[in-house]
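Sharing a structure here in structure tokens format.
Here the structure is a predicted model, which is why all the values come from computation and not from measurement. All ligand and atom numbering here is 1-based and tracks the order in the structure.
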Amino acid sequence: MYTSIQGFSEAFKNVVSGASSALIVTHANADPDAVASAILAYRILEFLGSRGCIGFPEGVSKVSRSLLDSLKIDFEACGELRGFKACIIVDASNPVQLGEYRDACLSAPLKVLVDHHEPGVLEGLADLRLIDQSASSTSELMVSLVESLGFKLSSSDSTLAASGIIFDSRRFSHASLRTFNIMAKLLEWGCDYGIAVEAVTPKKGEFEDVSRRVALFKALSRLRVEKACRDLILAVTHIGSFESDIANMLVSLGSDIAAVIAYREEAARVSVRVSRRALEAGVKASTITAYIASKYGGEGGGHEAAAMAHIKVEGDVESLTDNIVRSLQGKIGRICQGGSSSGGESKGLR
Ligand SMILES: [Mn+2]
């Protein structure tokens with residue numbers, strides 16, 4: 001596995017050059033980072049004389065759609081899903097995230113992964129991988145790759161890549177010297193910074209969307225709140241959609257570990273966010289989702305502060321929610337005590 005661009009770039013060039021057909025795929029409902037990374041992978045293949053097409057599982061997010069349209073980004077979407085010589089996976093760590101492209105990707109003889117999430121199942125399946133959790137975004141890694149291969153992006157591709165970086169770094173809340181160097185490079189290549197920022201800034205009306213507000217209050221009405229690890233607040237609830245938004249809101253309201261379950265027949269997504277306090281106590285969102293995935297059967301992945309688990313579900317969502325509360329209380333207790341004691345005794349908030 002490569003953690004830096006040197007080395008990876010050479011190896012990538014060697015294995016991918018001339019590949020007659022490659023599938024480029026990313027996580028479902030692709031956000032601007034995922035979309036920009038996929039487009040950059042497409043341009044890189046073109047530069048190396050290979051042919052690729054892009055598969056966006058379940059399509060792209062609303063924000064990504066308007067970016068692709070306004071910047072008039074062109075690429076070939078995949079038609080028939082067979083016979084790929086290579087699969088290039090960007091910004092995803094687990095097969096479940098690849099949706100309808102999963103089998104076509106995993107059956108390709110050559111699999112390449114570029115990602116900045118905590119390593120998941122795909123790490124072990126990829127023949128060549130660049131995983132760098134210190135990167136603000138996968139777009140940042142892809143721009144470095146473009147640079148090290150020695151070509152330039154067009155101005156619209158540069159704007160798209162900048163949007164990916166701005167979006168995933170939460171407007172540079174997580175950024176490094178490299179992030180800013182890469183941004184400088186994109187500006188040199190003609191990135192329109194104003195457009196890039198504007199595109200990923202939530203519009204006022206988005207927060208006022210009635211279905212989102214209703215979801216928030218439903219989620220609050222079903223909220224279970226418990227203390228874990230002395231004074232960390234664990235908040236767990238379930239909802240049909242907007243689970244990630246709601247998990248973010250629960251942390252901004254003061255909870256330390258928020259887990260929001262989105263239930264779909266026999267399967268569920270659990271979105272987890274943790275506060276700075278939780279991180280200081282050693283409780284990471286990616287550890288929580290890995291634990292949930294192993295306990296319920298599924299896949300978990302993400303970052304220290306934000307992560308998602310996809311699990312299989314039996315029974316009703318109310319008992320699943322209760323069950324998750326109890327097991328997380330125990331797990332968090334064990335993490336805080338350095339993984340020794342069983343923890344988990346109930347200390348309900350009244
Ligand atoms: Mn990303």
Exercise. In degrees, rounded to 10 degrees, what angle do D33 atom OD2 and D91 atom OD1 make at the Mn ion (ligand 1)?
Worked result: 90°

Exercise. Would one find more than 12 heavy atoms of other residues, nucleotides or ligands at under 6.0 Å from atom NZ of K284?
Worked result: no

Problem set entry | Salt-bridge present (R178, D132; N to O < 4.0 Å) | yes

For this session: Kindly assign one of parallel, tilted or perpendicular to the pair H27 and H117, based on the angle between their ring planes and the thresholds 30° and 60°.
Result: perpendicular

Seminar exercise, completed: What one should report as the nearest heavy-atom pair of L279 and E304 is CD2-O, 3.7 Å

Exercise. Near the Mn ion (ligand 1), is there an N/O/S atom from H117 that is less than 2.8 Å away?
Worked result: no

Problem set entry | Closest D168 atom to the Mn ion (ligand 1) [N, O or S only] | OD2

